[in-house]
Amino acid sequence: MTSLLGHVSNTKFSNPSLKSWKSCDPAVLFDAEIVSHVSDDMIQVAKNLANEARGCKYMYIWTDCDREGEKIGSSAADICIESNPRITIKRAREVHSAMQSPDTLDPKQVDAVEARMELDLRIGAILTRFQTLLLQDRFDEMQNKVISYGSCQFPTLGFVVDRYRKVKEFVPEETYSLTLEHVLESKEKAVFKWKRGKLYDLEACFAIYANCLEEKEAVISNVTSSRKLKYKPIPLSTVEMEKMSIRYLKMNSQKTMKVAESLYNKGFISYPRTETDMFDKTFNLKSLVEKHKDCPKRGSFASKLINNNGFEWPRNGKNNDKAHPPIHPTCFVSDDKLSQDEKLLYDFIVRRFLACCSKNAIGYQTVVTAKIKDEFFTATGLMICEYNFLEIYKFNLGWSEQTIPMYNIGETFVPSRFELTKSLTSKPNLLDEADLVDIMNKSQIGTDATIHDHIKKIIDREYVIQPSSGPQKGRFLPSNLGFSLVEGYDDVGLDLSLSKPYLRREMETHLKNICDGVTTKAQVVKHCIKLYRQVYLQTVGQKNKICEAVEKNFGIRRNSGSGGYSPDYNQSNGGYIENDTSSANEINGMFQNDSGDDLLGKCPLCLTGEVRLIEHGKTGYYLQCSQFLKPRVCKFNILVPNRNGTIVSAKVSFSKCQKCEVDKNMINFKFLPGSLPPVIPLDYQGCLFGCNEMLNEILNVDITSYAGPPPPVTTSIPTPSNVSSFQGRAQFLSANRPNENSMNQTERLSKKSPRGSEFGDSFSSTKKSRVKSADDFNHQSKNSVGNGINRRSHTMNPIQTKTRSKRASSIYENSNPTGNNYLYSNGMTNSLVKCDCGLICDLKTAKKAGANQGRQFYSCPRGSLGGCTFFEWYKDENTFIEDLKETNASSGVGASPKPKCFCGMVATEHVVTEIASNSSKPKAKSGSGSTKPSFSKSNLGRRYLKCPKSSKPCGYFRWIDSDDQAYEVK
DNA sequence: GCAAGGTC
């Protein structure tokens, strides 16, 4: 028999050179190989296991019965098998049957934990390096700071910032109510509450009040009395212990856990890290209660439970981690054996336990209703008859005796006070630690064993401040740094912002699915990396937002940086980058953008963004609008393909194109000798914006192909510019005193004005220079990968073709084997359709039987797991032409009017996809009440028109491919 | 110098 100390193994990147932060672009870590290894501080544990295993036939694993326990056991088993390959591994689960019928380890649970470990490592390393190096590069003040990112840390910080914003944005509103009081001769007093509560409209309230004033007396219209129960608390879990300790013992979560651990190690309480809030029926609770009967403080209550029939089995909560019971005292300990903090916490745990084993409190509630005119007012009294658990558990439960005078129905009285009162809505409070623990728990951020660590982490990292005195004592305020980071990530404008809990929660859902056998570790890792990669790439593309937020909130100046910090990365890290050249280079491209020397000029499509020349490794270069990475704002992203290495280098020149109508900088090209026709010099300065057709054609660049629709008018995410000012935040503490309405003057968040859809025809100047047929330039190699990709606006690129041929895929499947299809996009196809979350859509196929079966559409890649409702049909060239026809028809340009059904509505088009009878003519399905026609086999695939109404359609029917007149289907 | 999850 031997013991473990939690996880014996951990994950790390296998290539030691990746340890250095500047050894590679952080995004390389999305795909770098990861290995499991024995942690440095667990080497002795591993050695011990190996030694123990040598002489054993069987190994029984008795770790916690949760998925982490399964993985811990699995790692321990691996070590033992290595030491003794003949050893048989058994898993003890149910205590009572463990030895008689031992189980085996559950590989699904082990897989789920391995997925979590891998994702946490990659995400943490990538984003920590990204944001640390970014801010160190731009701000002198950040030189020695590590700005860590964790999938739990940041959502925790996000909660603090969210509440802070709510407090700052709060504008109190006046409310009005009617107050009724009655003081009897006996001096007894009844305070009645208006049934309407409060009104926001003074005039309305005054009208009611004036009407009531016509009546001199109030009449008692009802008196009810009923038995009320105050339920005893449920058994104690870790999160509940932390919350109660913070609120009533004034100990923070970190300290609470430390003290609890100390009590546990001394054997005074059960294991303090548990989600379980129900006792197993086999527990001998009475004997545990009995242990406290001699306690001077709580002994008499414990004795009552045992001797006076006061014991009752505890209520059940909803959670059971199957690993540990609820927290309870294991023995009685006198105060002199405990430190001050231990005394406090132990006392609480014992009281809670005894309360659980006691009975509900019983009271009688009387509600008296008084009426004036048509308005009703109630006064409530409470008499506690049996205190039961309340005797021992006196933590502010909001249940106290409330006496009111006796009234009889029909009795009248003259009000002592009847007034229209004005009050202000009260502002929310900053989060205290108990609030934060609660929100984290509900949002599945962290576990019972780690929630307090995450809170400590954001304090230690100086992302939040917890004042130790003053009115906000113990509450959380975001620091300038924490606020800036959240604001920066939020400004990137993704619903899946890195400061929000959604990504982590989604991961948790998938981990459960692995355990349930719904999916596999590989699929989940792939899916989550895809999501995080998308969010990461878009965040990197707008990293200036983070710098801007820091600049604004700190009041510090940005230095020019090293011109983007990617050049500092050691790109010789061959093995890793080779595996994913596209993603690494894509990111490098993004890192290069803000030095200003890659600027070509204003975007000809959206007119607001700046087009830059971005190198994309072996793929080529992009002419990319700065708005391109914003969801659904601008799609200008033109590929200059370079698959044959024709372009040795391309750099933006400082001279403008004189011929070009769109005022753009020229590009200095260096071409590979022999790769181009002799008419083009090897050093060539040219413009790619349409005026130089020859250059465009030789390089296979179709600048004219972008003729996409204008983007929808979008409203930017509101930016709390006034909220975030350095001064404002510094003043917050001093200004925010009790009873002082410091928020009155706070303005609401300023909203950026909506972006106009000023696309118009601004790009038409280049449309006319559409390139000639590719055949005219057959000196270009036929093997050129770029050929044919960019020829026309609605031609699919090879990646799309691959994607289209797939059936609708599950969320766990990538749309192509690389998982990086968006990186190859030429920017002119639908492959860049993004959903309302800002994610690149999955292309799916409609499965539902009907006219649209088989059609492809775009939808949110997150699907039913918290995805948005974005929907858009895929448009290939044919449907695009159809659309044009329809547009022309509707605008009356040389098209016949659309056929109308008998109701006069435009008939809708359908395709025969199912057959039902041998009839050659369609007829209604009998008894269905629907006029959906049924068809013969020969009609399969034929198109027809019918009434568009889904209920009570008129029966109009006409074959499209026939000259027959429409007829009515009954 | 990065994560989160165990545990003393």
Side-chain angles (χ1 to χ4, degrees), chain A residues 2-13 18-24 26-30 32 34 36 38-39 41-42 44-45 61-76 109-110 112-136 142-157 238 257-258 260-267 271-275 321 323-324 440 444-458 460-461 498 501 503-504 507-508 511 528-529 532 536:
Chain A
T2 189
S3 61
L4 292 164
L5 278 163
H7 280 290
V8 66
S9 63
N10 204 351
T11 47
K12 66 176 181 185
F13 296 108
L18 293 179
K19 254 182 149 180
S20 161
W21 286 26
K22 290 186 176 176
S23 65
C24 67
V28 167
L29 304 179
F30 274 124
I34 279 177
S36 177
V38 174
S39 316
D41 52 350
M42 292 292 157
Q44 289 307 322
V45 174
I61 296 168
W62 285 67
T63 50
D64 286 357
C65 288
D66 55 17
R67 65 179 189 226
E68 296 291 336
E70 212 69 8
K71 169 66 184 168
I72 292 167
S74 165
S75 302
Q109 292 189 50
V110 175
V113 173
E114 287 176 357
R116 176 196 63 70
M117 288 174 137
E118 177 172 344
L119 290 165
D120 283 337
L121 173 67
R122 292 190 193 280
I123 294 157
I126 290 165
L127 283 152
T128 300
R129 291 182 188 190
F130 160 69
Q131 60 186 26
T132 303
L133 293 178
L134 173 69
L135 297 185
Q136 282 183 353
M142 304 288 176
Q143 285 314 304
N144 300 315
K145 258 186 140 37
V146 172
I147 302 153
S148 65
Y149 181 95
S151 56
C152 289
Q153 281 176 46
F154 256 62
T156 306
L157 167 62
T238 303
M257 290 311 293
K258 207 175 160 190
E261 202 172 304
S262 161
L263 290 169
Y264 163 68
N265 286 331
K266 291 175 184 169
Y271 191 70
R273 291 182 275 262
T274 175
E275 285 177 46
D321 61 17
H324 306 285
M440 290 171 73
Q444 297 179 309
I445 298 299
T447 68
D448 48 67
T450 61
I451 280 179
H452 63 281
D453 284 334
H454 299 312
I455 296 174
K456 182 172 184 294
K457 183 75 88 178
I458 63 170
D460 292 348
R461 294 287 186 204
L498 290 163
L503 281 163
R504 176 70 195 196
M507 189 201 295
E508 193 61 35
L511 297 181
C528 289
I529 284 182
Y532 270 100
Y536 174 73

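Below, read A as the first sequence line, B as the second, and so on, with proteins coming before strands; counting in each chain starts at 1.
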For [X], report the nucleic acid contact type (base, sugar-phosphate, nothing); a contact means any heavy atom under 4.0 Å.
{"X": "A:R116", "result": "base"}
{"X": "A:M257", "result": "nothing"}
{"X": "A:R461", "result": "sugar-phosphate"}
{"X": "A:L121", "result": "base"}
{"X": "A:E114", "result": "nothing"}
{"X": "A:Y264", "result": "sugar-phosphate"}
{"X": "A:G446", "result": "sugar-phosphate"}
{"X": "A:T132", "result": "base"}
{"X": "A:N10", "result": "base"}

Mind checking whether [X] and [Y] have side chains closer than 4.5 Å, heavy atoms only?
{"X": "A:Q153", "Y": "A:L157", "result": "no"}
{"X": "A:Y532", "Y": "A:S151", "result": "yes"}
{"X": "A:T132", "Y": "A:I147", "result": "yes"}
{"X": "A:R504", "Y": "A:I445", "result": "yes"}

So, A:H7 versus A:E68: side-chain donor-acceptor pair below 3.5 Å or not? yes
Residue met sooner reading DNA chain B from 5', once A:E261 and A:T450 are mapped to nucleotides: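 Its nearest nucleotide being more 5', the pick is A:T450.
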Closest-nucleotide ordering on DNA chain B, the 5'-leading residue of A:N265 and A:Q136: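 Taking each residue's closest nucleotide, the earlier one in sequence belongs to A:Q136.
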Which is the 5'-most and which the 3'-most nucleotide of DNA chain B that has an atom under 4.0 Å from a heavy atom of chain A? B:dG1 to B:dC8
Residues which pass side chain to side chain contact (heavy atoms under 4.5 Å, CB included) with A:L121, listed by chain and number, not counting sequence neighbours: A:T11, A:F13, A:I34
If you take the centroid of each ring, where Trp contributes its six-membered ring, are A:Y536 and A:F30 closer together than 6.0 Å?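 For A:F30 and A:Y536, the ring centres are under 6.0 Å apart.
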